[in-house]
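Have a look at the structure below, then the notes.
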Amino acid sequence: MSARLMILNGPNLNLLGTREPHIYGTTTLAAIEARCRDTAALLGASLAFHQSNHEGVLIDHIHAARESADAIIINPAGFSFTSISLIDALKIFGGPIIELHISNIHARDELHRHSITSGAATAVICGLGPYGYVAAMLAAVQRLGALPAALPAPLREPVAS
Ligand code: CA2
């Protein structure tokens, strides 16, 4: 099985690398997308990668993902703290959802600490910087049981619970 991944990026992330580098680093979203495409090739996965500043556009992508993707990786950015509609859309998607934040939101100010969309996610990754996207892709494909057999065993096999 070849996993189909959709990565969604919320508002203002198109400006990554240009403002507040002390929080979000200097890597641009284009560079992150390139890294994600390289990772998809390594994982034998297909990738749709989107960014929007508009809640409704993100919701339309999530609806489309019900047909076109097996897993969603989403950095809802500011919508993490406000959007009941994103939560509702994510709950309708049937596959694994990994919520991702570049910064460690738990170490941020009160306004940026409580993601309400996390409750609709299968797992949450935060604080790893842009590498979080790579980690999320690996975890999503592992969840789908679609990691290439050529990958070393520790990357493929879940640790027993
Ligand atoms: O760390 C993350 O990935 C965040 O989702 C980024 C959001 C923030 O509201 C979350 O608390 C954590 C903000 C994205 C804003 O993007 C910017 C990009 C460049 C310069 C300034 C902000």
Side-chain angles (χ1 to χ4, degrees), residues 2-55 57-59 61-62 64-65 68-83 86 89-90 93 95-109 111-144 146-148 150-152 154-156 158:
S2 172
R4 300 171 302 164
L5 303 179
M6 180 179 283
I7 298 185
L8 296 174
N9 294 281
N12 299 308
L13 289 168
N14 53 312
L15 298 179
L16 270 182
T18 66
R19 299 273 192 288
E20 303 192 74
H22 56 292
I23 303 175
Y24 303 116
T26 55
T27 309
T28 63
L29 192 63
I32 289 175
E33 178 176 355
R35 217 179 278 183
C36 289
R37 296 213 174 275
D38 289 346
T39 305
L42 272 175
L43 296 175
S46 66
L47 176 64
F49 190 100
H50 303 289
Q51 186 276 332
S52 179
N53 295 323
H54 306 283
E55 192 175 16
V57 173
L58 293 168
I59 290 167
H61 283 309
I62 294 168
S68 66
D70 302 307
I72 292 176
I73 294 162
I74 182 165
N75 183 345
F79 290 142
S80 311
F81 314 102
T82 61
S83 181
L86 260 189
L90 289 170
F93 180 73
I97 298 166
I98 302 195
E99 179 171 307
L100 160 76
H101 299 279
I102 293 166
S103 61
N104 178 0
I105 59 171
H106 304 291
R108 301 280 307 274
D109 54 285
L111 211 58
H112 290 92
R113 203 169 285 172
H114 305 288
S115 165
I116 60 171
T117 50
S118 290
T122 312
V124 182
I125 292 175
C126 72
L128 294 179
Y131 186 78
Y133 285 81
V134 175
M137 291 176 75
L138 187 66
V141 180
Q142 189 270 342
R143 271 268 153 171
L144 294 168
L147 284 174
L151 283 182
L155 292 183
R156 280 187 291 108

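Positions are given from 1, in the same order as the sequence printed here. These numbers were taken from a predicted model, which means no experiment stands behind them.
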Exercise. Report yes if the distance between the aromatic ring centroids of F81 and H112 is under 6.0 Å, otherwise no.
Key: yes
Flag, side chain of [X] to backbone of [Y], donor-acceptor distance under 3.5 Å:
X: T28; Y: G17; value: no
X: R156; Y: Q142; value: no
X: Q51; Y: G10; value: yes
X: T122; Y: I97; value: yes

With a 4.5 Å heavy-atom cut-off, do [X] and [Y] have their side chains touching?
X: L128; Y: I125; answer: yes
X: L100; Y: I74; answer: no
X: F79; Y: L58; answer: yes
X: L43; Y: L147; answer: yes

For the residue pair [X] and [Y], what are the closest heavy atoms and their distance?
X: A77; Y: P11; value: CB-O, 3.5 Å
X: L5; Y: A69; value: C-CB, 4.5 Å
X: C36; Y: F49; value: SG-CE1, 4.0 Å
X: S2; Y: G44; value: OG-O, 2.9 Å
X: A89; Y: I62; value: O-CG2, 3.5 Å
X: I98; Y: A136; value: CD1-O, 3.5 Å

Please report the interatomic distance [atom1]([X]) to [atom2]([Y]), rounded to the nearest 0.5 Å.
X: D70; Y: S46; atom1: CG; atom2: OG; result: 7.5 Å
X: R35; Y: M137; atom1: CZ; atom2: CE; result: 12.0 Å
X: I32; Y: N9; atom1: CD1; atom2: CG; result: 7.5 Å
X: L8; Y: N75; atom1: CG; atom2: CG; result: 10.0 Å
X: F93; Y: H61; atom1: CZ; atom2: NE2; result: 14.0 Å
X: L86; Y: I116; atom1: CG; atom2: CD1; result: 8.5 Å

Between [Y] and [X], do the side chains contain a donor N or O and an acceptor N or O under 3.5 Å apart?
X: N53; Y: E55; result: no
X: H101; Y: E99; result: yes
X: R108; Y: S103; result: yes
X: N12; Y: Y24; result: no

Quiz prompt | Stepwise side-chain contact (heavy atoms from CB on, under 4.5 Å) test for L47 and I7 | solution = CA-CA 7 Å; L47 176 64; I7 298 185; 3.6 Å; yes
Practice problem: Could you please spell out the steps behind the side-chain contact (heavy atoms from CB on, under 4.5 Å) verdict for V134 and D38? | Solution: CA-CA 9 Å; V134 175; D38 289 346; over 6 Å; no
Self-check item: R4 CZ: over 12 foreign heavy atoms closer than 6.0 Å
Solution: yes
